[in-house]
Amino acid sequence: MDCKLSKVEQEAQDFGIDLSLTNYNLSLSLEQRLTNHQRALNLVLELRKAGQQYEQQLKRSTQTPARP
Amino acid sequence: MSNNLNDLLKLLLDHNIDFLLVGGMAAILYGASQITHDVDVCMVVRPDQVETLRRCLAPYHPVHRETPQKFSFLEIPQETSHLKNIYLQTDLGGLDILGEIAGVGNYENVLKNCIAVELYGHRCKLIGLEDLIKTKETLNRDKDKATLRELRVILDRQKNPKN
């Protein structure tokens, strides 16, 4: 975006905030914001579950003695 | 067990519980892009409110999250007149019931600058944006730093719509 940023916008951007995401959220209705958040939370929980399953699998495979 | 914070919020609204929405869900409603794992509400924790909460949360197995034994909220505590904060885990997600909000004060203080929004066919009271920012500044937690900056941008946009 070429337009000049305000001081707080510049600070947020420098911190790593994606302002296009903020702009998108602000274009949504309140219930749409909550729905999108729940979708994102579900994804985080699924990824976490997949990560835990992968770690368990890894643990099991390192504990199994190698075949000759 | 399926986490659904929106259903948890709807449940509280459907049962006419007198609360103010604070914390992460309030930040999301203001437009922040953070992810939160619980619903935080500020309320006066009166015995009649606790009874209503127990009735509406009963199908979702509420337990005291911070007790190792995960005591059921439906049974404990029996004496509810002295309660200030309650931290629950339910089948729908976490629910933090707070009698006081850092940097702002009790329910009456938060009420002063709150706004009312229409949500799921109900009127929902939401902590004021400046108070929400004040809370996050007071708590000064690393996990809030990004949200704090985003909320400041949103406040700036509200005050200076041309930005």
Side-chain angles (χ1 to χ4, degrees), chain A, chain B residues 1-10 12-13 21 23-39 91-94 115-126 129-130 133 142 144-163:
Chain A
M1 216 160 71
D2 289 337
C3 61
K4 197 173 177 295
L5 296 176
S6 70
K7 188 172 168 269
V8 284
E9 284 172 332
Q10 190 63 57
E11 277 172 9
Q13 191 166 281
D14 292 345
F15 192 79
I17 306 295
D18 182 349
L19 290 175
S20 68
L21 212 55
T22 315
N23 292 336
Y24 172 67
N25 287 339
L26 292 173
S27 74
L28 301 175
S29 72
L30 297 182
E31 289 179 19
Q32 284 172 329
R33 291 175 199 178
L34 290 179
T35 303
N36 278 3
H37 168 263
Q38 186 62 50
R39 261 191 227 130
L41 177 59
N42 291 345
L43 179 65
V44 167
L45 295 174
E46 277 302 312
L47 289 172
R48 192 177 287 171
K49 204 161 79 183
Q52 283 165 350
Q53 281 168 354
Y54 174 71
E55 272 176 28
Q56 280 168 2
Q57 234 171 13
L58 211 61
K59 213 182 274 178
R60 273 200 299 271
S61 68
T62 53
Q63 282 167 354
T64 311
R67 288 184 184 176
Chain B
M1 191 170 96
S2 68
N3 180 301
N4 195 324
L5 299 182
N6 298 351
D7 283 351
L8 184 53
L9 181 58
K10 268 185 235 170
L12 300 179
L13 291 167
L21 191 62
M25 290 291 268
I28 288 152
L29 283 171
Y30 276 115
S33 45
Q34 72 163 106
I35 288 182
T36 185
H37 288 73
D38 54 22
V39 174
D91 291 350
L92 296 174
I115 63 163
V117 297
E118 192 69 20
L119 261 188
Y120 306 121
H122 296 278
R123 189 171 166 272
C124 178
K125 291 194 287 269
L126 195 60
L129 179 52
E130 287 184 59
I133 290 172
D142 281 348
D144 288 331
K145 284 183 177 161
T147 306
L148 185 54
R149 279 166 176 83
E150 201 174 14
L151 290 175
R152 284 183 187 141
V153 170
I154 294 164
L155 179 66
D156 184 54
R157 298 261 179 93
Q158 285 186 3
K159 288 187 171 177
N160 307 290
K162 281 181 195 165
N163 278 347

Part of [X] within contact of chain A (heavy atom distance under 4.5 Å):
{"X": "L9(B)", "answer": "side chain"}
{"X": "Y30(B)", "answer": "backbone"}
{"X": "L148(B)", "answer": "neither"}

Problem - Residue of the set N4(B), I28(B), I35(B) for which side chain to side chain contact (heavy atoms under 4.5 Å, CB included) holds with Q38(A) - result: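 The side chain to side chain contact (heavy atoms under 4.5 Å, CB included) with Q38(A) is passed solely by N4(B) among N4(B), I28(B), I35(B).
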
Exercise for the section: Using a cut-off of under 4.5 Å on heavy-atom pairs, state which of R152(B), K145(B), E150(B) scores highest against chain A. Expected result: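 Maximum pair count with chain A is reached by E150(B).
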
Side chain, backbone, both or neither of [X] within contact of chain B (heavy atoms, under 4.5 Å):
{"X": "L34(A)", "value": "both"}
{"X": "N36(A)", "value": "neither"}
{"X": "L45(A)", "value": "side chain"}

Practice task
Return the option, out of L41(A), L26(A), I17(A), with the maximum number of heavy-atom pairs under 4.5 Å with chain B.
Solution key: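 The candidate making the most pairs under 4.5 Å is L41(A).
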
Handout entry: Check: E31(A) side chain, Y120(B) main-chain N or O, donor-acceptor pair, under 3.5 Å
Key =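 Judged by distance alone, yes, a pair lies under 3.5 Å.
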
Exercise for the section: Report yes or no: does Q34(B) contribute a side-chain atom to a donor-acceptor pair with the main-chain N or O of A146(B) at less than 3.5 Å? Expected result: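 Absent.
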
Practice task
For the pair E55(A) and K59(A), find out whether any cationic side-chain nitrogen is under 4.0 Å from an anionic carboxylate oxygen.
Solution key: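 A salt bridge is absent here (no side-chain N lies under 4.0 Å from a carboxylate O).
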
Practice task
Examine the side chains of D14(A) and Q10(A) and answer whether a donor and an acceptor come within less than 3.5 Å of each other.
Solution key: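 Judged by distance alone, the side chains do pair up.
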
Handout entry: Test item: E130(B) and K159(B) side chains (from C-beta on) under 4.5 Å apart, heavy atoms
Key =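 In short, these two side chains touch, coming nearer than 4.5 Å.
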
